[in-house]
Amino acid sequence: MDMLLKVTDVVKSIKETRLSGLRPPTEFFDVQRISRPADFNQATSRISYNTRYFSGNYGLIVLILAIYALISNYMLLVSLGFVVGGFALINKFAPEATQVGEHTITQKHLYTALFVIGFLMFWWASPFGTFFWLIGASSVLIIGHACLLEPGVESDYATIQETV
């Protein structure tokens, strides 16, 4: 029961901190403000402002891409389920050593077997490829959006608000 309360507290804190910074879709997908930057300095300025201004939306994009990557890589999903489920089952059903014939099986033995099998499963599932795909895909989307979207009128007043 305590674990459920901790999880709900974490979800509430994420909702209050990260999701409160989400900008409305009409502002995020405003096609009237899309234009090609004149030069590299303007592109850098747009990226700097928009990554701060739309940070909640960009975080949501990364989360959606991560969920997609996990769902589309079945072996990685099975590997994660195996390792997490294995830890949970070992903690729940094998807290003490068990005698099997002449051998004593401890939690340490079970964790070692779980680690070895889990490592082989993860090696086969290619988590690094998925991770680097996630970095590349989210970088292209975020930098592309931040570079092409002109900052709104509020960006002119952002420096004034910071100095006050």
Side-chain angles (χ1 to χ4, degrees), residues 1-25 27-30 34 37 40 43-149 151:
M1 191 65 176
D2 280 340
M3 184 67 159
L4 184 62
L5 291 174
K6 289 179 184 178
V7 169
T8 56
D9 289 342
V10 168
V11 169
K12 284 180 185 177
S13 97
I14 289 173
K15 185 178 176 182
E16 291 170 359
T17 57
R18 291 289 180 195
L19 296 181
S20 65
L22 283 176
R23 304 294 177 187
E27 187 177 357
F28 188 70
F29 296 112
D30 188 3
I34 293 178
F40 185 73
T44 306
S45 171
R46 286 184 184 185
I47 291 170
S48 175
Y49 176 76
N50 285 333
T51 51
R52 280 183 274 120
Y53 189 72
F54 291 114
S55 65
N57 298 68
Y58 294 147
L60 188 61
I61 287 172
V62 172
L63 179 67
I64 290 169
L65 285 174
I67 291 170
Y68 170 76
L70 189 62
I71 290 172
S72 64
N73 188 347
Y74 297 117
M75 193 60 203
L76 183 59
L77 191 61
V78 168
S79 300
L80 280 172
F82 176 77
V83 170
V84 170
F87 274 111
L89 290 173
I90 290 170
N91 283 333
K92 184 174 184 178
F93 294 117
E96 297 96 25
T98 306
Q99 189 73 28
V100 176
E102 295 179 9
H103 301 286
T104 303
I105 300 174
T106 64
Q107 262 191 343
K108 184 177 180 180
H109 294 118
L110 293 173
Y111 283 131
T112 303
L114 180 67
F115 174 75
V116 169
I117 295 169
F119 180 78
L120 294 173
M121 288 177 73
F122 276 119
W123 184 272
W124 190 29
S126 150
F128 294 115
T130 303
F131 176 73
F132 287 119
W133 175 86
L134 178 62
I135 289 174
S138 55
S139 297
V140 167
L141 284 174
I142 291 169
I143 292 173
H145 180 270
C147 182
L148 293 176
L149 193 70

| task | Verify whether one side chain among T106 and H109 offers a donor that lies under 3.5 Å from an acceptor in the other. | result | yes

| request: Can you run down the side chain to side chain donor-acceptor pair (under 3.5 Å) pairs that involve residues 117-141, sequence neighbours left out, and say none if there aren't any? | output: N73-T130

| field | side chain to side chain donor-acceptor pair (under 3.5 Å) pairs, two or more places apart, involving residues 62-71 | value |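 Applying side chain to side chain donor-acceptor pair (under 3.5 Å) to every pair that reaches into residues 62-71, excluding sequence neighbours, yields nothing.
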
Any side-chain heavy atom of [X] sitting closer than 4.5 Å to one from [Y]?
X    : Y    : result
Y53  : E27  : yes
I90  : Q107 : yes
V78  : M121 : yes
L141 : V62  : no
L89  : L110 : no
V83  : F115 : no

Identify the heavy atoms of [X] and [Y] that sit nearest to each other, and give their distance.
X    : Y   : answer
P127 : L76 : CB-CD1, 3.9 Å
N57  : L22 : N-CD2, 3.4 Å
P151 : R46 : CD-CG, 3.8 Å

| request: Say whether, by atom type as modelled, one donor and one acceptor occur between the side chain of S48 and the main chain of T44 under 3.5 angstrom. | output: no

Nearest 0.5 Å, what's the [atom1]-[atom2] distance between [X] and [Y]?
X    : Y    : atom1 : atom2 : result
S79  : Y74  : OG    : OH    : 14.5 Å
L63  : L134 : CG    : CG    : 9.5 Å
F82  : I117 : CZ    : CD1   : 4.5 Å
L148 : I143 : CG    : CD1   : 11.5 Å

| Looking at Y58 versus F28, is the centre-to-centre ring distance below 6.0 Å? |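 For Y58 and F28, the ring centres are under 6.0 Å apart.
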
| task | Start with the C-alpha gap between F54 and I142, add the side-chain angles, then the distance that decides, and say whether side chain to side chain contact (heavy atoms under 4.5 Å, CB included) holds. | result | CA-CA 10 Å; F54 291 114; I142 291 169; over 6 Å; no

| message | Test of understanding: with ring-ring contact (aromatic ring centres under 6.0 Å, His included), list the residues that count as partners of F122, not counting sequence neighbours. | response |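 Applying ring-ring contact (aromatic ring centres under 6.0 Å, His included) to F122 gives none.
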
